[in-house]
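To start, the structure under review is shown below, and the notes come after it.
Everything quoted here is computed from the prediction, not taken from an experiment. This chain uses plain numbering: 1 for the first residue, then up along the sequence.
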Amino acid sequence: MQTKNIVENNLALTPSAVKIEYINITNHKGELREVKNICVKTEIRESIFTPYLNLRLEFSDATNLLETFQMIGQETIKIKLIRREPDGTEEEQSIELDFVVTDYPTYGKGQSENLQVFVINAISTHAYKSTFKKISRSYSGTATDEIKKIFEEDLEINTSFKNYGEDVSRHRGVINIQQPLDAIEYFRRIAYDGSNSPFYLYQLLNGDISFVSLATLFGDANAVYRTYYDARSFSAKTPNDPSSADRAPDQDYEQRKSRILEVSSNLNLAKLQQADKGAWASRNDFLDWSDKSSTRQEFNYDSISSRIETNTPLSTDFKVFGQPLNEIPEQHLEHIAINSASFKDEDNYGLMRKQNVAKRNAYESLMNTISHDIKLFGDFYLNPGRKIELKFPKAIDPEERANLLDDDEKFDEHISGKYIITSAVHSIEGGEYFTDIRVKRDSFKMEI
């Protein structure tokens, strides 16, 4: 069953409802076949670390489709999903995406020889095309300009490329012989904004490709999309109270949509591991090939200006060798070769790299400070880069909880708060739609 709890005008009666309008496969001959009725599970994966989408389809087939339709690994897939939520608007949400098949990782037959099961993996069209092309040319400009050029001219994308955050990494150089997506990753890694925060490049469920600085994701312009509650944390004073007898159907829908269905967490608070990656302090030595000179830069965590939450995760009261962790640069050392004579100062790659290597290491390490894997009811707008708020109940005696007058005091301030979605898997099985997300943050809501 691919559709459940969808009524007239594609209205969703429950947060897990979605309609698969079609799943069309086109084979190597150009023949089209609708396969949604034999597809038992659909997964679309998006990630802040991947500039394309991944599709996984599971089939239970009694029509011998693989043979009769000549499915040989050279197929394209078009899928469309539709839903309309009971929020008082008439807006219909729809997603229509194109993929190219990459492999058939699973095939088998169960107890019945009349039934075969198989799995198809597919990726976005531009990612598939990248494998069959090599590029090599000189360039001059920002990383943003070059990435956009590769997408539009070399990969011929038919979707929007959107940039958020000012990229200041302007320089000149040469793209050696490589695939377009490899060249894109090269430019992504050297891009940084005015606060030296790195950029992330990813494709969203609506098909758009976003190039966004981490500082932009942390900033106020990226407003909190929605607040989600641990299912056990609702109380009579919570706006999303499920026990209210007079709640309207749409209020019930919203309350259920805001529930955390499942969660597993990783409190990656080990300062030792983060120190090894340069989160708190580092020393970078730059050797200039042109004149054999050497320069040294030291990084201190205090210079980090962008955080998703207000408070730092580092206490300076704890000391090693009589010093706080952010004042011990020997914890992370790098030796980097540059050539200041290759181009003028403002266009030199090596000199530009000096500006951001230390902070990039710190930002990337700190993003794993706290992470959660969460299962929620399906939502087209739960995408990488979204900022959400999570609220978890305090682990205290129920009687003590009942005596707390301020509802916010009932939530654990350590792990509750704002997070960035780094990946989302949109899964439809048995007519029900759920989204599994991974969220991360680099700082604390509580003051230490």
Side-chain angles (χ1 to χ4, degrees), residues 18 20-22 42-56 76-85 89 91-100 122-130 142-167 180-181 183-185 187-188 191 193 197-219 221-226 376 378-388 420-428 433 435-439:
V18 69
I20 298 182
E21 183 74 2
Y22 55 75
T42 302
E43 286 185 356
I44 303 175
R45 182 183 299 271
E46 47 183 344
S47 170
I48 200 173
F49 306 108
T50 310
Y52 54 88
L53 301 175
N54 287 276
L55 174 69
R56 186 175 189 273
T76 60
I77 300 174
K78 185 182 288 289
I79 182 171
K80 185 174 183 179
L81 311 177
I82 298 176
R83 73 199 307 250
R84 184 167 64 86
E85 297 189 335
T89 69
E91 179 183 2
E92 182 177 86
Q93 304 170 8
S94 65
I95 301 297
E96 188 172 12
L97 297 166
D98 294 301
F99 296 92
V100 182
I123 58 176
S124 300
T125 303
H126 64 268
Y128 188 88
K129 289 159 57 176
S130 177
T142 66
T144 302
D145 293 337
E146 294 305 315
I147 290 174
K148 183 178 181 181
K149 181 178 180 180
I150 293 172
F151 269 124
E152 295 180 349
E153 297 184 10
D154 297 306
L155 295 179
E156 301 174 340
I157 61 170
N158 57 1
T159 187
S160 297
F161 176 87
K162 297 182 178 180
N163 169 232
Y164 304 94
E166 183 181 4
D167 174 15
L181 284 185
I184 283 173
E185 175 60 13
F187 285 113
R188 185 202 69 81
D193 66 5
S197 74
F199 277 74
Y200 292 93
L201 179 70
Y202 47 95
Q203 187 174 20
L204 298 172
L205 193 62
N206 65 4
D208 291 346
I209 295 173
S210 293
F211 190 51
V212 190
S213 73
L214 188 60
T216 300
L217 296 180
F218 286 165
N222 186 22
V224 172
Y225 170 62
R226 181 181 284 272
L376 302 169
D379 189 338
F380 290 165
Y381 300 125
L382 279 172
N383 312 121
R386 287 274 190 186
K387 184 189 294 181
I388 64 172
I420 295 295
I421 299 175
T422 58
S423 67
V425 179
H426 303 268
S427 178
I428 304 170
Y433 171 34
T435 303
D436 294 287
I437 62 173
R438 173 166 292 177
V439 297

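For Thr422 (side chain) and Arg438 (main-chain N/O), a donor-acceptor pair under 3.5 Å exists by modelled atom type. Remark: the backbone N or O of Leu205 is paired with a side-chain donor or acceptor of Glu46 at under 3.5 angstrom. Proximity of a side-chain donor or acceptor of Ser197 to a complementary backbone N or O of Ser213 within less than 3.5 Å is not detected. Judged purely by atom type and a 3.5 angstrom limit, Lys162 has no side-chain atom pairing as donor or acceptor with the backbone of Val212. A donor-acceptor pair under 3.5 Å is absent between the side-chain atoms of Glu152 and the main chain of Glu156, judged by distance alone. Using a distance-only test at 3.5 Å, with no hydrogens or angles considered, no donor-acceptor pair links the side chain of Ser124 to the main chain of Ala127.
Applying the side-chain hydrogen bond (donor to acceptor under 3.5 Å, both in side chains) rule to Ser130 yields no partners; only residues at least two apart in sequence or on another chain are considered. For Thr125, the side-chain contact (heavy atoms from CB on, under 4.5 Å) partners are Asp98, Val100, Lys129, not counting sequence neighbours. Remark: Ala191 pairs with Ala143, Asp167, Ser169, Phe199, Phe211 by the side-chain contact (heavy atoms from CB on, under 4.5 Å) rule, at least two apart or across chains.
Once rounded to the nearest 0.5 Å, the distance linking CG of Asp379 with CD1 of Ile437 reads 9.5 Å. From Leu53, atom CG reaches atom CG of Leu204 across 8.0 Å, with rounding to the nearest 0.5 Å. Interatomic distance, Ile82 CD1 to Glu96 CD, rounded to the nearest 0.5 Å: 9.0 Å. From Arg45, atom CZ reaches atom NE2 of His426 across 10.5 Å, with rounding to the nearest 0.5 Å. Between Lys149 atom NZ and Leu155 atom CG the span is 13.0 Å, to the nearest 0.5 Å. Summarising the geometry, atom CG belonging to Leu181 is positioned 8.5 Å from atom CG belonging to Leu201; distances are rounded to the nearest 0.5 Å.
Classified by interplanar angle (parallel below 30°, tilted 30° to 60°, perpendicular above 60°), the ring pair Tyr381/Tyr225 is perpendicular. Aromatic ring orientation, Phe151 versus Phe161: tilted (interplanar angle from 30° to 60°).
Residues Phe49 and Tyr200 meet the side-chain proximity criterion, which asks for heavy atoms closer than 4.5 Å. Using a 4.5 Å cut-off on side-chain heavy atoms (C-beta onward), Thr142 and Ile147 make no contact. A 4.5 Å side-chain heavy-atom check between Ser94 and Lys80 finds at least one atom pair inside the cut-off. Using a 4.5 Å heavy-atom cutoff, the side chains of Glu85 and Gln93 are in contact.
No more than 12 heavy atoms of other residues, nucleotides or ligands shown are found within 6.0 angstrom of NZ on Lys148. Applying the 6.0 Å contact sphere to CZ of Arg188 captures more than 12 heavy atoms from other residues, nucleotides or ligands.
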Query raised in the report: Could you walk me through whether Ile44 and Ile95 pass the side-chain contact (heavy atoms from CB on, under 4.5 Å) check?
Result: CA-CA 11 Å; Ile44 303 175; Ile95 301 297; 5.5 Å; no

Query raised in the report: Between Phe380 and Val18, is a side-chain contact (heavy atoms from CB on, under 4.5 Å) present by the stated rule, with each step listed?
Result: CA-CA 10 Å; Phe380 290 165; Val18 69; 3.9 Å; yes

**Report entry** Derivation and outcome, side-chain contact (heavy atoms from CB on, under 4.5 Å), residues Leu55 and Thr42
**Finding:** CA-CA 8 Å; Leu55 174 69; Thr42 302; 4.2 Å; yes

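Nearest heavy atoms, Glu43 versus Ser427: CG-OG, 3.9 Å. Taking both residues in full, the closest heavy atoms of Ser47 and Tyr202 are given as O-CB, 3.0 Å, listed atom of the first, atom of the second, then distance. Summarising the geometry of Ala424 relative to Thr435, their closest heavy-atom pair is CB-CG2, 4.2 Å, with the distance given to 0.1 Å. Shown here for Phe218 and Lys387, the closest heavy-atom pair between the two residues is O-NZ, 2.9 Å.
With Ile150 as the fixed residue, the side-chain contact (heavy atoms from CB on, under 4.5 Å) test singles out one of Asp145, Ile184, Ile157: Ile184. Among Leu382, Leu217, Asn383, the single residue meeting the side-chain contact (heavy atoms from CB on, under 4.5 Å) criterion with Ile421 is Leu382.
There is no side-chain donor-acceptor pair under 3.5 Å between Tyr164 and Asn222.
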